[in-house]
Amino acid sequence: MARAFILVGGTRMGGGLLYVQAAQRLGLQPITLSDDPTRYDHFAAKEGEAIRVDTDDLDALIRECSRLQETYGIAGITGALDPVYATVGKLCRHFDLPGPNPDAVEQCCDKYTQRKLLAASGIPMPAYRLATNAAEVQDSAAELGLPVVVKPAVGSNSEGVRLCCTADELAQHTSYLLGGQHIWRSGPRMLVEEFAQGPSYGVNTIGNEVIGISVYHSGPPPRFVTPVDEIHPAPLTEDEHERITDISLRCLRALGLGWGPAGIQVRWTTRGPVVIEVNPRLHGSPIPQLIRLSYGVDLITAHIKLAIGEEWDLRKTHSQTAVARYLVADRSGTLDWIGGDSEAAAVPGVVEVKFYDQTQRPIFNKGDDLDLLGHVIAVSSSLPHTEAILQRAVDLIDWSITPFRDH
């Protein structure tokens with residue numbers, strides 16, 4: 001009987017496709033369960049299978065996996081995004097497969113609960129307040145002092161996250177979140193946080209081991225969460241690396257994580273590293289590609305092997321500098337065309353050029369991950385050389401966005 005590896009959900013930026021391809025290399029039949037498989041780039045993967053199912057309905061997922069067991073031996077199950085990862089843990093428990101602790105994942109995905117657990121362990125982080133209405137948002141901001149970051153307590157992909165530097169910006173963003181434009185997965189609960197200023201780092205772990213630390217540069221406020229580029233490995237002193245590693249491992253212990261991958265976002269402030277957020281799953285594409293290019297460590301294959309109960313290998317085999325440059329939409333409107341990928345890919349040192357969407361997609365320029373049109377990855381033996389390669393490649397890419405008509 002063929003062995004299947006099940007991926008619940010997917011990503012538009014390529015992480016799902018990487019899982020499908022890695023499963024195939026391991027001799028597994030990849031099967032994706034998704035509410036809309038056509039949204040994701042691995043939908044048409046060669047030899048892959050995609051099934052439509054409500055990924056918020058655990059019973060429906062259990063029924064679909066039980067049906068698949070009539071044809072396949074299910075070797076493992078995983079997911080690529082926060083909203084379904086706790087469900088993945090419950091599925092793994094139901095079918096007696098290795099997987100994440102669903103209780104730990106659920107409490108980690110609630111950013112307010114996560115903050116309380118981290119605070120109880122004495123982990124440095126921004127001051128914060130919980131708000132459920134506009135008055136509480138204003139009171140919280142007054143207590144903390146502007147600027148503040150306002151974001152949904154439950155959410156992913158940086159949706160609804162904004163830096164508010166003035167009272168008008170605070171009122172405008174609160175109105176957006178509470179006025180019906182933002183889709184809440186649960187009741188409207190918002191975190192109002194002190195703005196931690198300093199360089200941003202992404203820490204990638206698997207099990208209880210830090211595999212790599214990247215530094216990423218974002219666009220100007222208020223859309224500070226949309227990355228412009230990500231550098232791996234981050235240029236850090238030995239002391240800085242040790243302190244970021246220490247705080248990251250403390251986060252895993254405080255949150256009950258430690259099975260499989262996790263991603264921790266850290267800012268280095270005047271008081272040292274402070275934790276912005278912990279994601280109880282692997283950071284999305286192109287982070288796995290950067291780590292593989294930098295060190296030779298394939299985190300996705302390691303994650304799959306862990307999920308199917310096989311031995312995994314995290315040994316670093318080389319040292320290079322890999323950088324991803326993101327292509328960021330500069331306005332709202334309809335994406336008419338985007339091109340230059342083949343020319344950019346031909347630049348020596350460029351290893352990947354990826355566009356995330358087809359044309360004619362509406363873009364709302366809200367400062368979240370949906371503003372990203374694609375990325376370019378380059379690698380070399382030094383950071384200046386890699387950045388020069390990237391610039392040559394990105395200069396060959398262009399796109400057109402037609403602004404929306406006013407009604």
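- The side-chain heavy atoms of L177 and P188, taken from C-beta on, include no pair separated by under 4.5 Å.
- Within the 4.5 Å cutoff, the side chain of R325 has heavy atoms near those of the D229 side chain.
- In this structure, CD1 in I6 is found 4.0 Å from SG in C65, a value given to the nearest 0.5 Å.
- A donor-acceptor distance shorter than 3.5 angstrom exists from the side chain of R250 to the backbone of G122, with no hydrogens or angles considered.
- For S380 (side chain) and T386 (main-chain N/O), a donor-acceptor pair under 3.5 Å exists by modelled atom type.
- Using a 4.5 Å heavy-atom threshold, the side chains of L299 and P261 count as separate.
- Looking at Q289 and H375, their side chains come closer than 4.5 Å, going by heavy atoms from C-beta outward.
- For R315, the CZ atom counts as loosely surrounded, since its 6.0 Å shell holds 12 or fewer non-hydrogen atoms of other residues, nucleotides or ligands.
- Sparse packing is recorded around CD of E242, with 12 or fewer heavy atoms of other residues, nucleotides or ligands lying under 6.0 Å away.
- For the pair A86 and P102, the tightest heavy-atom approach, listed with the atom from each and the gap, is O-CB, 3.4 Å.
- Across every non-hydrogen atom of G256 and A104, the tightest pair is O-CB, 3.5 Å.
- Taken to the nearest 0.5 Å, the CG atom of L97 stands 5.0 Å off from the CD1 atom of I77.
- Taking CG of D298 as the reference point, atom CZ of R25 lies at 6.0 Å (rounded to 0.5 Å).
- In this structure, L7 CG and T78 OG1 are separated by 7.0 Å, a value rounded to the nearest 0.5 Å.
- In this structure, L335 and W399 have side chains that are in contact, with non-hydrogen atoms separated by less than 4.5 Å.
- With E136 contributing its side chain and T132 its backbone, the two residues share a donor-acceptor pair below 3.5 Å.
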Step by step, work out the side-chain contact (heavy atoms from CB on, under 4.5 Å) result for H217 and Y326. CA-CA 10 Å; H217 303 131; Y326 294 89; over 6 Å; no

Quick one, W268 with I244, criterion side-chain contact (heavy atoms from CB on, under 4.5 Å). Give me CA distance, side-chain angles, the key distance, then yes/no. CA-CA 9 Å; W268 193 282; I244 292 175; 3.8 Å; yes

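- Of the N and O atoms on the side chains of T402 and T334, not one donor lies less than 3.5 Å from an acceptor on the other residue.
- Taking CZ from R281 and NE2 from H303, the interatomic distance works out to 11.5 Å, rounded to the nearest 0.5 Å.
- Looking at S248, its side chain never comes within 3.5 Å of a backbone N or O of V203 through a donor-acceptor pair.
- Between G202 and Y216, the closest heavy-atom pair is N-CE2, 3.9 Å.
- A side-chain donor-acceptor contact under 3.5 Å links S294 to the backbone of H232.
- Between E277 and K151 there is a salt bridge, with a side-chain nitrogen of the basic residue lying less than 4.0 Å from a carboxylate oxygen of the acidic one.
- The residue from K111, R115, R129 that alone fulfils the salt bridge (charged side-chain N to carboxylate O under 4.0 Å, His left out) condition with E193 is R115.
- Closest approach of I363 and L373 over heavy atoms only: CD1-CD2, 3.6 Å.
- Put simply, NZ on K305 and CG on L28 are 10.5 Å apart, with the number rounded to the nearest 0.5 Å.
- Minimum interatomic distance between V275 and C251 (heavy atoms only, all atoms of both residues): CG2-SG, 3.5 Å.
- By the 30° and 60° cut-offs, the orientation of the rings of Y19 relative to F5 is parallel.
- The closest side-chain heavy-atom distance from E169 to L163 is not below 4.5 Å.
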Please evaluate residues Y128 and V149 with respect to the criterion side-chain contact (heavy atoms from CB on, under 4.5 Å), reporting the C-alpha separation (whole Å), side-chain torsions for both, the decisive distance (0.1 Å), and the verdict. CA-CA 9 Å; Y128 65 96; V149 177; over 6 Å; no

Applying side-chain contact (heavy atoms from CB on, under 4.5 Å) to E311 and D313, what does each step give before you reach the verdict? CA-CA 7 Å; E311 222 174 286; D313 186 1; over 6 Å; no

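- Using a 4.5 Å cut-off on side-chain heavy atoms (C-beta onward), V350 and I389 make contact.
- Classification of R243 and E240 as a salt-bridged pair fails, no side-chain N sitting under 4.0 Å from a carboxylate O.
- For D239, the CG atom counts as densely surrounded, since its 6.0 Å shell holds more than 12 non-hydrogen atoms of other residues, nucleotides or ligands.
- The residues D36 and R52 are annotated as salt-bridged, a charged nitrogen and a carboxylate oxygen being separated by less than 4.0 angstrom.
- A donor-acceptor pair is defined here as one N or O able to donate and one able to accept, closer than 3.5 Å; no such pair exists between the side chain of Q29 and the backbone of A4.
- Within the 4.5 Å cutoff, no side-chain heavy atoms of I213 are placed close to those of V266.
- Formation of a donor-acceptor pair under 3.5 Å by the S121 side chain with backbone atoms of I123 is not found in this model.
- Considering every non-hydrogen atom in both G160 and H173, the closest pair reads O-NE2, 2.8 Å.
- Only one option out of L191, L178, T174 pairs with V137 in a side-chain contact (heavy atoms from CB on, under 4.5 Å); it is T174.
- With hydrogens and angles left out, the side-chain atoms of Q107 and T113 include no donor and acceptor closer than 3.5 Å.
- With hydrogens and angles disregarded, a donor-acceptor distance shorter than 3.5 Å links the side chain of R267 to the backbone of G198.
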